[in-house]
Amino acid sequence: MGVKLIVVCALALVMSIPAFFVEGLVEDRTRRADDVVREVSGRVGGQQSFLGPTLAIPYTVSAQSPTDAPRHGIYLVFPAQASGTVKTITEERRRSLFKVPVFLANLKFDAAFDLSGVPAATPLGAQLDWNRAEVVVGVTDARGALADATITANGKTLTLAPAAIADGMSIGSDQSQHVRLVLFGTSVATIAKPDAQFQVSSSLRFSGAQRIAVLAYGKTTHLSIEGDWPSPGFDGGYLPISRSVSKQGFTAQWSVPFIARGVRAESTADSLTGLDGTSLGVSFIEVADPYQSVNRALKYLPLFLGLVFLSYFLFEVTTGKRVHPAQYVLVGIAQIIFYLLLLSLSERLGFDLGFLLAGAATVLLLSANARWVFSSRAQAFGAFALFTLLYSLIYLLLRLEDNALLVGAIASFMAVAAAMYFTRSIHWYCSISAPGRHSASDSPANPA
């Protein structure tokens, strides 16, 4: 029996190998889902980041010598106070079996400018062209625009157009990241003067997918985002100071003071760094991602395959019924097919219902197999109770997340303790006999 136990353990390890093929299938379906996400995102705007109203002033640096050409650039002045509200409505777009969360966002940005002391960081010899000054807003993908963007200043509402002084702006702190914003603007030459103070308000309506973020565009920035998605993820450079999440949706508020922003109040566009790190973002997360859940379940395969094999071995030694290694292999194959059922059903019905159906079918099959192998209804009912407990434990581990390791370790310890208890009277040196036959010597030879 000792040799048989070693053989059973070896079979459990060998039967874990097909799990790599199932894992490869999961990765292939995951890549297909990612392709669908990119396809849908490309049509609605993808992950969107927005820059609120910012003053952009062209400047020229005179040539230092007759052989040099004048240099031109854009000087940016951020508002002293900025506040924004974002309201989102989400839906799931489907492509075959795959779903992508898509949002429609109404954005309103307010900005209060104080140009006292401007400019304070221009290059040596630079001259600002105030007559061409524009207030600009930015977005990562303009294809998501659902309506014309407008800006209100001095009681007048103007429609924004592609910025005349720059078509885009890089906000990546690392030049290799190539994070760019498309700029829209309107002339404010009549109100943007040295030492002037004025306020503007901008309204935008955009679509996108998966994530929306607003850059902290003011020296001090206040932002409120609300939506109907029940499982948001808050990310970016700063976490919200308050949040509320329910099945009906969420609300979140951010407040970023100037000392925490880490970006200068004014600078040239080509020397602007760190703005990408100030994003205040919300991701629309799928709580029950079937591919991630199945992949996590596969990590527990060796443990539970070993427990199932150990259960069959205990049935074998307690009933005296011989079980051929081929029958253990069939039990292992049933375990592998469980994960295939789980993957295919989860794509259509969701992970919870998919696990219930796949788990119930596998437990019934293993219990029926115990009835056929051991010719005993008692063993069938025992197998049903035991395997139901094991599959319930798998589901519990997948849902516990942070406490999964602790619960898994305790469950493994209890399983080994139970195996020790139920095998406490077994003479490991004896052979496994068929029913009605006497076994070989039931104890080792006396060394004396």
Side-chain angles (χ1 to χ4, degrees), residues 1-2 4-20 22-23 26 231 287-318 323 328 331-332 334-339 341-343 345-346 350-367 369-370 378-426 428:
M1 284 191 294
K4 183 64 174 290
L5 178 60
I6 294 175
V7 172
V8 169
C9 292
L11 281 176
L13 292 177
V14 171
M15 290 305 301
S16 298
I17 295 177
F20 292 104
V22 179
E23 187 174 3
V26 174
S231 56
V287 175
D289 181 354
Y291 307 109
Q292 183 180 12
S293 299
V294 173
N295 195 41
R296 289 185 59 208
L298 280 169
K299 299 184 185 302
Y300 295 101
L301 175 62
L303 170 63
F304 288 97
L305 192 60
L307 291 177
V308 170
F309 276 22
L310 179 60
S311 301
Y312 266 82
F313 179 77
L314 291 177
F315 294 153
E316 180 177 356
V317 298
T318 54
V323 180
Y328 281 98
V331 170
Q335 290 281 90
I336 299 299
I337 293 177
F338 159 74
Y339 290 97
L341 286 173
L342 177 60
L343 176 60
L345 292 174
S346 297
F351 181 78
D352 292 335
L353 185 55
F355 190 96
L356 176 62
L357 294 178
T362 306
V363 168
L364 290 174
L365 177 61
L366 294 178
S367 303
N369 185 64
Q379 299 299 336
F381 286 118
F384 179 81
L386 180 59
F387 296 147
T388 299
L389 179 62
L390 288 179
Y391 277 83
S392 299
L393 180 59
I394 295 177
Y395 183 81
L396 180 64
L397 290 177
L398 295 176
R399 284 291 172 258
L400 286 176
E401 295 185 357
D402 293 339
N403 296 320
L405 178 61
L406 176 62
V407 174
I410 293 175
S412 300
F413 180 83
M414 294 177 63
V416 173
M420 290 180 177
Y421 176 80
F422 287 112
T423 59
R424 67 190 186 279
S425 300
I426 294 178
W428 294 102

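Everything quoted here is computed from the prediction, not taken from an experiment. The residues of the chain are indexed from 1 along the displayed sequence.
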Would you say that [X] contacts [Y] through its side chain, given a criterion of any heavy-atom pair below 4.5 Å between the two side chains?
{"X": "Ile394", "Y": "Phe355", "value": "yes"}
{"X": "Leu341", "Y": "Leu357", "value": "no"}
{"X": "Ile336", "Y": "Leu305", "value": "no"}
{"X": "Leu366", "Y": "Val331", "value": "yes"}

TODO: Output the distance between atom CG (Leu390) and atom OG1 (Thr362), rounded to the nearest 0.5 Å.
DONE: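 Reported value, rounded in 0.5 Å steps: 12.0 Å.
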Open item on the list: Parallel, tilted or perpendicular, judged at 30° and 60°: which one describes the rings of Phe351 and Tyr395?
Closed with: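 Parallel, since the angle between the ring planes stays under 30°.
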- [ ] Considering non-hydrogen atoms only, spot the tightest contact between Val294 and Tyr339 and give its length.
- [x]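 Val294 and Tyr339 have their closest heavy atoms at CG1-O, 4.5 Å.
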TODO: Among Leu365, Leu364, Asn369, Val363, find the one that has a side chain to side chain contact (heavy atoms under 4.5 Å, CB included) with Ser367.
DONE: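 Of the listed residues Leu365, Leu364, Asn369, Val363, the side chain to side chain contact (heavy atoms under 4.5 Å, CB included) partner of Ser367 is Val363.
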